[in-house]
Number of protein chains: 2
Amino acid sequence: MRKISESTVRRLSLYLRFLEQFAAQGQTTISSAELARRGGTTSAQVRKDLSFFGSFGKRGLGYSVPELAAKIRDILGLRRTYRVVLVGAGRIGGALIQYPGFRQRGFHVSAIYDRDPKKIGSRWNGLVVRDVRHLEADLAREPIDIAIVVTPADAAQDVVDRLVRAGVKAILNFAPAQLTVPADVVVKSVNMALELETLSFALANR
Amino acid sequence: MRKISESTVRRLSLYLRFLEQFAAQGQTTISSAELARRGGTTSAQVRKDLSFFGSFGKRGLGYSVPELAAKIRDILGLRRTYRVVLVGAGRIGGALIQYPGFRQRGFHVSAIYDRDPKKIGSRWNGLVVRDVRHLEADLAREPIDIAIVVTPADAAQDVVDRLVRAGVKAILNFAPAQLTVPADVVVKSVNMALELETLSFALANR
DNA sequence: CTGTGTGAATCTATTCACAGCC
DNA sequence: GGCTGTGAATAGATTCACACAG
């Protein structure tokens, strides 16, 4: 497939969210202009983003809300569910696991791991925290799709290496560390401090 | 000032983190190539990023680690501390407030607000959760620099409108909602579900 | 007439490549 | 000789503008 930019993918995610809201209000058809206004972009951008994947609209009319939503779900790979594990049973992990948006979109957390004996065995949102030593054996028995890494920075690379060796191909990283992985593994890092720093930069440069 | 791209700012944040690590190891000088390797970019990119703000290196030698770190702190506005309030005393808010990276970088959470009477008055990391009704009065008495919005999606725009009216110029938004603000207010949105969807897209398109 | 789909034009970001200084 | 700083070249993303389908 033609190379799709990260920004296009993020916008498709947004469009999907809006389409679901429009669908909930019973709206059956929508124009690129309306979608653009909602998403803070331009109608040409919306049409271009979609055009990478096909032509889903009707000229003079716009897009069918349910059809376009289904199509975007297809594109984003949201037709199926994903098995997710969480490594690190800290505060951020706890917040994530409760986050309804995950389950709603088909991301099912199937296990939580930690290293701390005080946490191992405790219940977390219906799951028992497991000793991270079992990681490899568990993944060999029941492969997963995505791992969320929420360990301290100094443990993150080690955990990631183990996940990669166990065959994990997608990692969402919340540890404030730069991770190295083979080319066939995709890592997305979210760094809270960095987000705040873009704000302090904006405040400092006005 | 010349318009600086978001990606440049994010990379500067990263460079700063690496510089601090190098400094902790006692390294006093560093080349753009070394910084680039660490940050997964190119030496030309590092030099170009820095060149928007001045020339801080010595030809043939590289950059002084502490000097460059100080300079980047300057650029990012990290010389000062920032007063931050949190609106929404939920799980994510709880995780954020404990996050050591915030305080370390000078972001001090001075108050937490919520609407839920069950939460109001409870202690959170040394702070008492206040009724969000006091928001305007509190901010008039003690202005803040940054607000972090961690409310449910349907409450977010209302909270943001109130923050903006109270004079807040920078908002970090964790609510899965698209926010509208005047041009002089900067909003940075972090959407966890969207991050996961970029991963499912990557998995679906290999 | 309305609103899509898309090549062409423009604007922005990254990479190249080299002169200049340490 | 090594490495920065930076214009020039390239690559990439966004916007324009219009032919065309409903």
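Chain A is the first sequence line, chain B the second, and so forth, proteins listed ahead of strands; every chain is numbered from 1.
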Side-chain N or O of [X] less than 4.0 angstrom from OP1 or OP2 on [N]?
| X | N | result |
| --- | --- | --- |
| R47(B) | dC18(C) | no |
| Y63(B) | dC22(C) | no |
| S55(A) | dT4(C) | no |
| Q45(A) | dA13(D) | no |
| S32(A) | dG3(C) | no |

5'-most contact on DNA chain D (nearest-nucleotide basis), K58(A) vs D49(A), goes to D49(A)

Let me know, please, whether T42(A) or S31(B) comes out on the 5' side of the other along DNA chain D by nearest nucleotide.
->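 Closest to the 5' end, via its nearest nucleotide, is S31(B).
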
Starting at atom [atom1] of [X], determine the distance to atom [atom2] of [N], rounded to an integer number of angstrom.
| X | N | atom1 | atom2 | value |
| --- | --- | --- | --- | --- |
| L68(A) | dT4(C) | CG | P | 11 Å |
| K48(B) | dA9(D) | NZ | C1' | 11 Å |
| K3(A) | dT14(C) | NZ | C1' | 13 Å |
| R59(A) | dA17(D) | CZ | C1' | 14 Å |
| L61(A) | dG3(C) | CG | C1' | 9 Å |
| R37(B) | dC3(D) | CZ | P | 12 Å |
| F52(A) | dT6(C) | CZ | P | 11 Å |
| L35(B) | dT4(D) | CG | C1' | 13 Å |

Indicate whether the side chain of Q178(B) and that of R17(A) have a donor and an acceptor atom separated by less than 3.5 Å.
-> no

If you take all heavy atoms of I171(B) and V149(B), which pair is closest and at what distance?
->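 Looking at all heavy atoms of both residues, the closest pair is CG2-CG2, 3.8 Å.
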
So F107(B) and Y82(B), would you call those rings parallel, tilted or perpendicular, with 30° and 60° as cut-offs?
->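 Taking Y82(B) first and then F107(B), their aromatic rings lie parallel (interplane angle under 30°).
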
E67(B)/K58(B) salt bridge by N-O under 4.0 Å criterion | no

Knowing that exactly one of R83(A), K169(A), H108(A), R80(A) qualifies, which makes a side chain to side chain donor-acceptor pair (under 3.5 Å) with D145(A)?
-> R80(A)

